[in-house]
Amino acid sequence: MPYATIDGLQINYVVLGSGPPLIMLAPGGFDSTTEGWSTRGVWKDLRPLDALQGDFTLIAYDRREAGRSGGRVEPHTWRLWAKEAVGLLDHLGIERAWVIGGCMGVSVATAMAAHFPARCTGLLLHWPVGGYRWRAKGRSNFNKHIAFAHAHGLAAVVARARKATGFWADPEAGPWSAVLGHDDAFAANYVKQDLGQYLAIVSQSRDLLFDDTMPSGATGKQLMAIKTPSFIMSGDDASHSTSGAHALRELIPGSVLSPLMPPQQNSASVTAWIRESVATVAKRTG
């Protein structure tokens with residue numbers, strides 16, 4: 001896979017297929033990698049990087065601090081991640097694209113529509129995260145890392161990260177665990193930080209990302225201002241609450257919530273949802 005330099009960071013990405021551009025914001029919480037499109041949930045059977053090559057120019061990538069992409073210790077925000085996706089479109093010379101988000105990728109997608117609406121042709125929002133239990137999980141994972149780093153120090157975080165499979169899978173390893181696992185220079189600088197300042201950045205990230213029980217990514221006011229055609233398919237578990245999907249449907253003007261719930265969601269039905277949603281917009285504008 002090639003790398004692009006986005007905001008000074010190396011981002012691991014791939015472009016496949018032909019047709020209207022579709023930027024793919026991967027599922028997996030903080031462990032948002034291209035691999036997630038073939039290993040997580042319904043995507044294991046659908047394998048969209050294979051199935052949709054004839055429909056779209058697919059742009060998939062490891063989000064910063066995930067997979068083989070780089071990172072930088074700074075407060076994390078939804079807008080920061082949305083800006084990264086836009087930066088990749090800039091790198092590829094693409095003005096507008098369909099945006100598909102899975103899981104926490106939905107939050108980045110709504111942040112893109114809120115902050116960079118001119119870059120979004122339409123939104124495909126699969127299993128949005130939100131609700132009380134999602135907020136509690138996110139804050140808990142950050143708090144576990146804060147407690148571990150405070151008790152054991154940053155050198156111990158590096159050692160933990162090099163055995164971990166990602167922040168969401170091993171919260172004590174922290175939000176930069178993927179980069180610590182593959183980038184020796186980053187790890188060497190990481191351990192030199194002032195611990196107090198570092199923990200303040202982690203706390204700020206937690207509070208910016210998980211501030212309420214609304215669907216993550218954009219405020220209610222921002223969602224109500226979105227004019228991008230939006231199509232939603234709900235999850236139904238602790239992180240992907242049905243309430244989150246319904247909140248998006250209620251707040252994003254003109255958005256369409258699929259009636260299909262997870263038992264009816266499979267490779268065929270999700271593929272059809274993607275194609276039919278895009279076709280609906282094409283008919284309106286064509």
Side-chain angles (χ1 to χ4, degrees), residues 1-14 24-41 43-44 49 60-78 80-81 83-85 87-88 102-105 107-108 129 137-195 197-206 209-210 239:
M1 293 172 66
Y3 287 90
T5 300
I6 309 295
D7 192 24
L9 302 178
Q10 280 200 322
I11 303 302
N12 192 32
Y13 76 96
V14 64
M24 309 178 71
L25 311 175
F30 271 75
D31 309 321
S32 176
T33 66
T34 300
E35 184 183 16
W37 291 113
S38 60
T39 60
R40 298 183 183 277
W43 309 110
K44 288 188 291 187
L49 293 180
Y61 67 103
D62 298 346
R63 196 177 62 225
R64 53 171 291 172
E65 282 90 32
R68 301 300 298 178
S69 289
R72 182 167 52 241
V73 177
E74 60 185 337
H76 285 161
T77 68
W78 301 111
L80 182 74
W81 290 326
K83 184 179 177 183
E84 174 192 19
L88 183 54
C103 180
M104 209 167 90
S107 305
V108 183
V129 292
K137 177 180 179 179
R139 294 185 70 86
S140 174
N141 284 351
F142 271 84
N143 288 339
K144 287 177 181 178
H145 174 62
I146 289 168
F148 182 85
H150 185 267
H152 303 287
L154 296 179
V157 172
V158 174
R160 180 89 179 219
R162 295 200 162 176
K163 298 177 182 178
T165 56
F167 176 36
W168 237 222
D170 186 353
E172 285 83 358
W176 291 273
S177 58
V179 194
L180 290 170
H182 69 75
D183 189 332
D184 291 339
F186 179 86
N189 288 322
Y190 179 90
V191 299
K192 296 176 183 177
Q193 298 175 96
D194 177 83
L195 180 60
Q197 291 179 359
Y198 171 78
L199 294 179
I201 289 172
V202 178
S203 298
Q204 185 179 5
S205 298
R206 175 200 62 201
L209 295 171
F210 302 101
S239 295

Can you find a pair of side-chain heavy atoms, one from Ser203 and one from Ile146, that are under 4.5 Å apart?
yes
To check you understand the geometry: which heavy-atom pair defines the closest contact between Arg64 and Leu9, and what is its length?
CZ-CD1, 3.7 Å
Worked check of side-chain contact (heavy atoms from CB on, under 4.5 Å) between Lys137 and Ser239
CA-CA 8 Å; Lys137 177 180 179 179; Ser239 295; 3.6 Å; yes
What residues form a ring pair (Phe, Tyr, Trp, His ring centres under 6.0 Å) with Trp81, not counting sequence neighbours?
Phe30, His76, Trp78
For Ser107 versus Val129, what's the shortest heavy-atom pair and its separation?
OG-CG2, 3.3 Å
Passing option when Glu172 is tested against Lys163, Arg160, Lys144 for salt bridge (Lys or Arg N to Asp or Glu O under 4.0 Å)
Arg160
Could you check whether any side-chain N or O of Arg40 sits under 3.5 Å from a backbone N or O of Gly102, counting only pairs where one atom can act as donor and the other as acceptor?
no
Side-chain heavy atoms of Val108 within contact of Glu84, under 4.5 Å
no
Those residues at least two apart in sequence (or on a different chain) that pass side-chain hydrogen bond (donor to acceptor under 3.5 Å, both in side chains) with Arg162 are Asp184
Side chains of Phe142 and Pro175: does their closest heavy-atom pair fall under 4.5 Å?
yes
Set of residues satisfying ring pair (Phe, Tyr, Trp, His ring centres under 6.0 Å) with respect to His182, sequence neighbours excluded:
none
If you define the side chain from C-beta out and look only at heavy atoms, does anything of Thr33 sit under 4.5 Å from Tyr61?
no
